[in-house]
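Working notes for the structure below.
Side chains included, hydrogens not; waters and symmetry mates left out as well; all remaining heavy atoms used. We number each residue from 1, following the sequence as shown.
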Amino acid sequence: QVQLVESGGGSVQAGGSLRLSCAASGYTYNSNCVGWFRQAPGKEREGVAAISTFTSSTYHTDSVKGRFTISQDNAKNTVYLQMNSLKPEDTAMYYCAAQAFRCGARWYAAYDYNYWGQGTQVTVSS
């Protein structure tokens, strides 16, 4: 049974930092793409970042480049999202997701991901 468990969300002031974790189990971790998505109330789910777990290639959406960094610890089957210089517009529910193939040009396409975590809330106040 595939499981993705997120943790690390919370409430911070603008300019602060958080690190999200996504612990994966139940599948071959080192041969696929793991992504972070977020969804704010009334908005569509948005791809934030992704990592190919075999090559460690990373992808970040433009709005978070230079502020967020996705990384992994293969020994722990865990993917992280380090979020610095947080802004109020980063407020959303953040989800971890995995797909069976390596990340490609459309790494941000939520419908390509087969497995999803339950989400962790990030709230940034001004």
Side-chain angles (χ1 to χ4, degrees):
Q1 181 181 358
V2 176
Q3 278 195 316
L4 299 172
V5 180
E6 302 103 329
S7 61
S11 297
V12 296
Q13 290 191 330
S17 298
L18 285 172
R19 189 178 80 158
L20 306 183
S21 299
C22 172
S25 63
Y27 68 99
T28 304
Y29 172 80
N30 64 350
S31 62
N32 62 359
C33 180
V34 177
W36 283 100
F37 291 78
R38 64 186 180 187
Q39 188 167 20
K43 294 189 176 181
E44 292 187 357
R45 191 164 294 191
E46 173 191 24
V48 176
I51 185 166
S52 286
T53 56
F54 183 72
T55 65
S56 294
S57 297
T58 61
Y59 308 80
H60 298 80
T61 194
D62 286 346
S63 63
V64 307
K65 284 180 180 177
R67 300 189 300 123
F68 293 9
T69 303
I70 191 170
S71 63
Q72 64 175 341
D73 183 334
N74 285 347
K76 297 181 178 180
N77 284 7
T78 299
V79 171
Y80 303 100
L81 185 67
Q82 178 66 44
M83 305 186 296
N84 299 328
S85 302
L86 282 160
K87 304 175 181 180
E89 51 263 44
D90 295 318
T91 295
M93 184 71 79
Y94 282 71
Y95 298 90
C96 172
Q99 58 169 288
F101 305 101
R102 297 181 187 181
C103 301
R106 291 185 58 82
W107 63 268
Y108 51 85
Y111 54 77
D112 283 343
Y113 289 77
N114 310 99
Y115 309 108
W116 291 83
Q118 81 287 352
T120 186
Q121 179 68 36
V122 172
T123 303
V124 184
S125 58
S126 57

Open item on the list: Under the criterion side-chain contact (heavy atoms from CB on, under 4.5 Å), I'd like the reasoning laid out for Ser63 against Glu89: C-alpha separation, chi angles, the key distance, then a yes or no.
Closed with: CA-CA 10 Å; Ser63 63; Glu89 51 263 44; over 6 Å; no
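By the salt bridge (charged side-chain N to carboxylate O under 4.0 Å, His left out) test, Lys87 pairs with no residue at all, sequence neighbours left out. Residues passing the side-chain hydrogen bond (donor to acceptor under 3.5 Å, both in side chains) test with Gln118 are Glu6, sequence neighbours excluded. In this structure, the side-chain hydrogen bond (donor to acceptor under 3.5 Å, both in side chains) partners of Asp90, at least two apart in sequence or on a different chain, are Arg38, Arg67. With sequence neighbours left out, the side chain to side chain contact (heavy atoms under 4.5 Å, CB included) criterion links Ala14 to Pro88, Val124. The side-chain hydrogen bond (donor to acceptor under 3.5 Å, both in side chains) test applied to Lys76 returns no partner, not counting sequence neighbours. Residues that satisfy the side-chain hydrogen bond (donor to acceptor under 3.5 Å, both in side chains) test with Asn84, not counting sequence neighbours, are Ser17, Gln82. The side chain to side chain contact (heavy atoms under 4.5 Å, CB included) test applied to Ser56 returns Gln72, not counting sequence neighbours.
Atom CZ of Phe68 is separated from atom OG1 of Thr58 by 14.5 Å, given to the nearest 0.5 angstrom.
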Side-chain donor-acceptor pairs under 3.5 Å in residues 105-115, sequence neighbours left out?
unit_1: Arg106; atom_1: NE; unit_2: Tyr111; atom_2: OH; d: 3.4
unit_1: Arg106; atom_1: NH1; unit_2: Tyr108; atom_2: OH; d: 3.4
unit_1: Arg106; atom_1: NH2; unit_2: Tyr111; atom_2: OH; d: 2.5
unit_1: Tyr113; atom_1: OH; unit_2: Trp107; atom_2: O; d: 2.6
unit_1: Asn114; atom_1: OD1; unit_2: Ala100; atom_2: N; d: 3.3

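Note: the hydrophobic cluster containing Leu18 also contains Trp36 (ILVMFWY, side chain heavy atoms under 4.5 Å, direct or indirect links). Under the 4.5 Å side-chain contact rule for hydrophobic residues, Val34 and Tyr95 do not share a cluster.
Identified under the disulfide (SG to SG under 2.5 Å) test for residues 97-126, with sequence neighbours left out: Cys33-Cys103. Pairs passing the ring pair (Phe, Tyr, Trp, His ring centres under 6.0 Å) check and including a residue from residues 74-94, sequence neighbours excluded, do not occur. For the disulfide (SG to SG under 2.5 Å) condition, the pairs that include at least one residue of residues 59-101, sequence neighbours left out, are Cys22-Cys96.
The backbone N or O of Asp73 sits nowhere less than 3.5 Å from a side-chain atom of Thr78 that would complete a donor-acceptor pair.
Between Trp116 and Phe37, the two ring planes are tilted [angle within 30° to 60°].
Grouped with Val5 in a hydrophobic cluster is no other residue, since no side-chain heavy-atom contact under 4.5 Å to another Ile, Leu, Val, Met, Phe, Trp or Tyr is found.
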